[in-house]
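One structure below.
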Amino acid sequence: MGWSARPEALHPAFLLRAMLVLLSLLMLGASPPRDAVEMRSGDWHLLCDNWNACRITGIAPDSRNGRALVLIDRSAVPGSTYRVRIIFQGVREPWRELRLFPGNPRSLPPPLRLEFEPYGVPDIHFLVDRDRSVSRFLGLLAAPGRAVISASGLHVADMPRGDIRALLARIEREQRRHPELPEADDSGPRFDFEFHRVRQRPDRELPPGMHRPCGRVADRGSLGWQLDSAHRMWIVQCLGRSRIFVEIRDGAVQPIGPDLLPGGLPAGVAAFDPEEAMLTLATGREGRTDCGERRSWGWVESEGFVSVRVQSMPMCRGIPSEFWPDRWSARRWRVLG
């Protein structure tokens with residue numbers, strides 16, 4: 001025979017237990033986490049995470065004519081709508097008017113005047129499309145040819161190109177089959193994890209007794225943060241990778257290995273955001289930093305590091321890692337302090 005099953009797996013009592021587990025999930029109204037769904041078409045990449053929240057990421061391959069990063073998000077909660085963001089890097093002042101022109105203006109609908117709200121950080125502006133023009137925006141992106149964005153009659157950026165209709169259809173199909181239903185029992189804790197902001201300034205001096213953390217190669221800088229009353233973390237930048245250490249209150253310093261970080265510790269570049277109380281580790285593809293995987297952990301006092309999200313990006317096109325879509329994420333967490 002090509003396969004065999006354990007005898008107990010086919011026993012009526014086992015089947016009854018399995019049915020009760022599935023029924024309890026339905027009664028709770030919570031969709032269990034599932035494997036990520038991924039799809040690629042041209043300049044577009046679709047990734048739905050373990051909660052079936054989906055993001056389409058798109059960017060043109062050539063930046064000589066200017067290009068925009070387009071993010072299209074929708075959660076799996078029934079009734080959710082698409083949220084579209086257009087991101088321009090290196091833009092200091094938002095434009096007053098933007099128009100999206102189809103790839104073949106002679107035979108397609110007229111250009112769309114985008115209704116947006118500028119927000120973001122210096123040098124990078126996010127333009128959020130309002131709900132009433134999202135459908136027209138997506139329709140123009142699905143038309144033949146490469147659409148472009150102009151501001152005050154001037155060419156601003158080329159848009160991504162590919163079969164976006166197929167990706168949108170995949171989202172519709174996956175989220176219809178596996179919606180994220182609200183929890184019927186909300187008596188439990190609202191958050192799975194609570195992290196505390198780190199208010200103290202980082203220490204740039206290595207602790208006594210910690211010599212040559214990068215081995216034979218000199219380190220390229222180090223920073224230390226007080227995680228709680230008993231633990232301090234050090235990130236040392238070595239050649240091509242980072243090393244992470246934890247200093248216990250009595251002065252003992254130990255490197256963090258795969259056994260102390262859920263999900264393992266691949267070779268990559270680490271960073272710590274004290275405002276978010278988040279340790280991140282980015283592992284690039286073939287030495288690049290604009291594609292690969294990015295893992296994030298938070299520190300829980302008396303428990304250690306807990307995994308909160310895994311992001312990934314297969315397209316190596318200059319997309320900053322903070323915009324990479326989630327492949328996996330914890331349910332809920334918050335930052336205190």
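Values below: every heavy atom of this structure, side chains too, minus hydrogens, waters and symmetry copies.
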Between atom [atom1] of [X] and atom [atom2] of [Y], what is the distance when rounded to the nearest 0.5 Å?
{"X": "Leu154", "Y": "Ile149", "atom1": "CG", "atom2": "CD1", "value": "13.5 Å"}
{"X": "Trp44", "Y": "Leu168", "atom1": "CH2", "atom2": "CG", "value": "8.5 Å"}
{"X": "Ser229", "Y": "His231", "atom1": "OG", "atom2": "NE2", "value": "8.5 Å"}
{"X": "Leu138", "Y": "Ile164", "atom1": "CG", "atom2": "CD1", "value": "5.5 Å"}
{"X": "Gln254", "Y": "Ile244", "atom1": "CD", "atom2": "CD1", "value": "12.5 Å"}
{"X": "Ile59", "Y": "Thr57", "atom1": "CD1", "atom2": "OG1", "value": "9.5 Å"}

* side-chain contact (heavy atoms from CB on, under 4.5 Å) between Val37 and Cys54, worked out -> CA-CA 8 Å; Val37 174; Cys54 298; over 6 Å; no
ILVMFWY network linking [X] to [Y], side-chain heavy atoms under 4.5 angstrom:
{"X": "Val335", "Y": "Val308", "answer": "no"}
{"X": "Leu140", "Y": "Met159", "answer": "yes"}
{"X": "Leu206", "Y": "Leu227", "answer": "no"}
{"X": "Leu98", "Y": "Leu100", "answer": "yes"}
{"X": "Leu47", "Y": "Ile171", "answer": "no"}

* Student check: side-chain heavy atoms of Pro61 and Arg317 closer than 4.5 Å -> yes
* To do: Please tell me if the side chains of Gln237 and Ser242 come closer than 4.5 Å, counting only heavy atoms from C-beta onward.
  =>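 Yes, at least one pair of side-chain atoms sits under 4.5 Å.
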Could you list the residues that satisfy salt bridge (charged side-chain N to carboxylate O under 4.0 Å, His left out) with [X], not counting sequence neighbours?
{"X": "Glu301", "answer": "none"}
{"X": "Arg161", "answer": "none"}
{"X": "Asp228", "answer": "none"}

Verify, without hydrogens or angle tests, whether [X] (side chain) and [Y] (backbone) share a donor-acceptor contact under 3.5 angstrom.
{"X": "Arg197", "Y": "Glu275", "answer": "yes"}
{"X": "Gln175", "Y": "Arg74", "answer": "yes"}
{"X": "Arg170", "Y": "Met39", "answer": "no"}
{"X": "Arg55", "Y": "Phe323", "answer": "yes"}
{"X": "Arg136", "Y": "Leu112", "answer": "no"}
{"X": "Asn52", "Y": "Ala76", "answer": "no"}

* Taking only Lys NZ, Arg NE, NH1 and NH2, and the carboxylate oxygens of Asp or Glu, determine whether Arg67 and Asp158 approach each other closer than 4.0 Å. =>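 Looking at Asp158 together with Arg67, the answer is no, because their closest N to O distance does not fall below 4.0 Å.
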* Asked: Looking at Arg165 and Glu172, does any basic side-chain N land under 4.0 Å from a carboxylate oxygen?
  -> no
For [X] versus [Y], what's the shortest heavy-atom pair and its separation?
{"X": "Arg212", "Y": "Val217", "value": "NH2-N, 4.0 Å"}
{"X": "Leu223", "Y": "Arg204", "value": "CD2-NH1, 3.4 Å"}
{"X": "Ser75", "Y": "Ser80", "value": "OG-OG, 2.8 Å"}
{"X": "Arg285", "Y": "Gly292", "value": "CG-CA, 3.8 Å"}
{"X": "Trp328", "Y": "Ser307", "value": "CZ3-OG, 3.5 Å"}
{"X": "Ile86", "Y": "Ala68", "value": "CG2-CB, 3.7 Å"}

Just jot down the side-chain hydrogen bond (donor to acceptor under 3.5 Å, both in side chains) partners of [X], sequence neighbours excluded, or say none.
{"X": "Arg201", "value": "none"}
{"X": "Trp324", "value": "none"}
{"X": "Ser312", "value": "Arg327"}

* Using ring-ring contact (aromatic ring centres under 6.0 Å, His included) as the criterion, list what pairs up with Phe305, not counting sequence neighbours. => Trp299
* side-chain contact (heavy atoms from CB on, under 4.5 Å) assessment of Phe195 paired with Val300 -> CA-CA 6 Å; Phe195 311 127; Val300 178; 3.5 Å; yes
* To do: Can you sort out the partners of Asp326 under side chain to side chain contact (heavy atoms under 4.5 Å, CB included), two or more places apart, ordered by chain and number?
  =>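 Side chain to side chain contact (heavy atoms under 4.5 Å, CB included) list for Asp326, sorted by chain: Asp49, Arg309, Gln311, Ser329.
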* Asked: Does Ala267 have any side chain to side chain contact (heavy atoms under 4.5 Å, CB included) partners at least two apart in sequence or in another chain, and if so, which?
  -> Arg241
* Selection residues 301-337 - residue pairs positive for disulfide bond (SG atoms under 2.5 Å apart), sequence neighbours left out ->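 Counting only pairs at least two positions apart or across chains, the disulfide bond (SG atoms under 2.5 Å apart) contacts touching residues 301-337 are Cys291-Cys316.
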* **Pairs meeting criterion side-chain hydrogen bond (donor to acceptor under 3.5 Å, both in side chains) with involvement of residues 218-227, two or more places apart** => Gln226-Arg232
If you look only at distance, which donor and acceptor atoms sit under 3.5 Å apart when one is on a side chain in residues 276-283 and the other is two or more places apart or in another chain?
residue : atom : partner : partner atom : Å
Thr280  : OG1  : Ala271  : O            : 3.4
Thr283  : OG1  : Glu293  : O            : 3.3

* Tell me, with the steps shown, if Ile319 and Asp290 meet side-chain contact (heavy atoms from CB on, under 4.5 Å). => CA-CA 5 Å; Ile319 302 175; Asp290 59 344; 5.6 Å; no
* Decide side-chain contact (heavy atoms from CB on, under 4.5 Å) for Arg85 and Arg83; before the verdict, give the C-alpha distance in whole Å, the side-chain angles of both, and the deciding distance to 0.1 Å. => CA-CA 7 Å; Arg85 286 182 286 170; Arg83 179 172 180 250; 3.5 Å; yes
